[in-house]
Amino acid sequence: MKFFQSISFRVTLWYLAILSIMLVSLGWGIHVTLSNRLYQKLDLSLSDRAEHLKGFRDVLSIIASGTFEDQAGESITFYFLENDRLHNIAPKGNFFPVSKEIIERVLSGETLFEDVHIPQKGSFRVFISPFIPANPVIMPDQAGGIRQQPGYEQWLRDGGFVPAPPGDDKPNITQSPNQEKGFNRRVEIESAALVIALPSEDIESVLGHLCNILIIAIPLTLLLAGGGGIFLAHRALNPVKKISDTARRIEESDLSRRIDVGTKDELGFLSETLNQMIDRLDKAFNRQKEFTSDASHELRGPLSVIQAEASLSLRKSREPWEYRKTLEVIISETERMGLLTSQLLELARMDAKKSQFVFESIDLNEFLHEICEDMAILCKNKKLELRTDLVKQVQIAGDRKSLRRVFFNILDNAIKYTANGGSVRVVLDEKNRMAEVSITDTGIGIPDDSLPHIFERFYRVDKARSRSDGGSGLGLSISKDIIDVHKGRIDVISQMGKGCRFIIAIPKI
């Protein structure tokens with residue numbers, strides 16, 4: 001078998017597919033969780049810083065004066081509108097660019113977090129919130145400066161900031177490209193937007209490093225898991241190979257081999273099931289061999305008698321009465337062969353589940369009365385007493401023809417093996433929703449060691465069931481098969497010298 005067509009390969013593929021989904025999901029979950037945690041921490045730092053700045057009484061004046069000391073990496077900008085024009089106040093004039101639309105939203109009362117990327121400056125996490133100054137009067141000619149907001153494209157061209165005049169330690173208000181000339185007056189600010197930005201490059205670096213680790217670790221893990229999966233799958237499925245090898249060596253002529261896996265898992269259960277199946281097949285083949293052998297033996301007897309009688313008659317001339325006696329023997333043996341052939345055919349049909357049973361409602365009381373009336377003649381010939389004890393109206397579902405054969409066969413045996421002057425008793429009763437018929441005789445009985453075998457095919461009790469009595473050893477076997485089809489049971493109780501009691505139970509309707 002090719003490796004790529006094996007169960008081991010397919011199991012490993014499924015295992016790797018599930019494992020890859022789990023690892024990718026786990027990596028994605030770790031990345032998202034870590035990202036959220038880091039940004040939550042940064043957002044908390046930004047919001048705390050904003051609350052701290054809002055606590056300054058004259059923060060706008062301090063920033064405009066140029067004396068405000070910001071923290072490392074921090075960028076603080078206040079935006080406000082005047083005459084529908086956007087202006088900003090930032091420490092040392094280094095304002096952080098934010099679009100006018102966002103500022104207008106914040107001025108209307110919103111609080112926002114934004115991610116902003118500025119060329120040549122990097123990525124920033126920005127917190128923007130409304131700010132109501134306690135002292136809105138600002139002096140525009142101080143060092144911090146008040147600027148009219150340039151366009152966003154200009155911010156990008158200028159690197160995001162409007163530079164202060166070169167060589168000036170304390171730059172005055174620096175005009176942007178769109179600055180109105182002569183903007184040198186007192187400005188009263190009633191509301192503004194506070195913008196605080198911190199670099200997020202460290203967070204992106206950590207997340208990028210995590211992605212690189214996952215990109216290397218996941219394929220490596222899948223590679224190692226694939227190798228281990230192939231090894232484990234091969235080891236786990238190795239008993240299947242043993243099962244296949246053993247099954248391949250089992251033949252029809254030799255069913256003695258058994259599968260020995262030695263485990264208690266599903267494969268062990270499978271091997272046990274297969275061994276049970278082989279046991280059933282072995283028993284079936286043995287029964288078939290015994291059946292063929294017994295049938296041949298049973299048929300060989302009458303054929304031998306017929307051949308011998310015919311040969312003796314042809315050796316010399318005989319009297320008419322001798323020819324007549326020979327023909328009578330031949331006819332008797334032929335009838336016996338016909339009966340045996342009929343029984344063998346019936347057994348074959350029942351084994352193949354091809355017997356035709358026509359189930360109908362039967363009044364067992366009336367049915368047994370009819371059979372006992374027919375058997376009364378045989379009892380009369382042997383001076384036997386036939387007694388019946390039948391209850392009324394016991395209905396069963398059954399096939400009349402086959403059930404007649406069962407009761408006739410058992411009654412015939414009871415009469416045949418009961419000495420003259422004895423008795424046969426038929427009793428019909430009801431027990432646990434079953435119609436129970438017991439047939440008791442005062443015959444010679446059956447030995448204890450033979451009781452377990454009397455329903456086996458071609459089994460005859462020595463002396464009691466001799467071939468001279470005309471028995472073939474198939475009657476009780478056929479009877480049991482018929483009762484089994486009717487979902488009933490047949491049992492026997494016997495004591496040597498005191499007779500037998502056959503009990504037949506069939507479900508009522």
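Atom set for the values below is all heavy atoms of this structure, side chains included, hydrogens, waters and symmetry mates excluded.
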Quick one: does [X]'s side chain get under 4.5 Å of [Y]'s, heavy atoms only?
X    : Y    : result
D363 : Q393 : yes
R49  : I76  : yes
N88  : F78  : no
I128 : F96  : no
R85  : L81  : no
F9   : V11  : no
I483 : I504 : yes
F455 : I490 : yes

**Request:** Any chance you could lay out the salt bridge (Lys or Arg N to Asp or Glu O under 4.0 Å) test for K480 and D484, step after step, and finish with the verdict?
**Result:** CA-CA 6 Å; K480 186 178 186 308; D484 288 341; 3.2 Å; yes
Non-neighbouring partners of [X] that pass salt bridge (charged side-chain N to carboxylate O under 4.0 Å, His left out), sequence neighbours left out:
X    : result
D43  : R125
D481 : R457
D491 : R489

Would you tabulate the side-chain donor-acceptor contacts of residues 191-219 under 3.5 Å, counting partners in other chains and residues two or more places apart, or write 'none'?
unit_1 : atom_1 : unit_2 : atom_2 : d
S200   : OG     : S123   : O      : 3.4
E204   : OE2    : S123   : OG     : 3.4
N212   : ND2    : G208   : O      : 3.3

**Message:** Please verify the inter-ring angle class for F113 with F127; under 30° counts as parallel, over 60° as perpendicular, anything in between as tilted.
**Reply:**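 F113 vs F127 ring planes: tilted.
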**Message:** Are F359 and H486, when compared by the centres of their aromatic rings, separated by less than 6.0 Å?
**Reply:** yes
**Request:** In sequence, state the C-alpha distance, the side-chain angles, and the governing distance for V437 and V427, and then conclude on side chain to side chain contact (heavy atoms under 4.5 Å, CB included).
**Result:** CA-CA 6 Å; V437 180; V427 179; over 6 Å; no
**Item:** A435 versus L364, closest heavy-atom pair with distance
**Value:**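 Closest approach of A435 to L364: CB-CD2, 3.8 Å.
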**Request:** Write down the atom of V426, the atom of L390, and the distance for their closest heavy-atom approach.
**Result:** O-CD2, 4.1 Å
**Asked** Just wondering, more than 12 heavy atoms not from H453 lying within 6.0 Å of its NE2?
**Response** yes
Distance-only donor-acceptor pairs under 3.5 Å for side chains of residues 395-402, two or more places apart:
unit_1 : atom_1 : unit_2 : atom_2 : d
Q395   : OE1    : S361   : OG     : 2.9
D399   : OD1    : V358   : N      : 2.9
D399   : OD2    : S402   : N      : 2.9
D399   : OD2    : S402   : OG     : 2.9
R400   : NE     : E360   : OE1    : 3.4
S402   : OG     : D399   : O      : 3.1

**Message:** According to side-chain contact (heavy atoms from CB on, under 4.5 Å), who are the partners of L223, at least two apart in sequence or on a separate chain?
**Reply:**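 Not a single residue meets the side-chain contact (heavy atoms from CB on, under 4.5 Å) criterion with L223.
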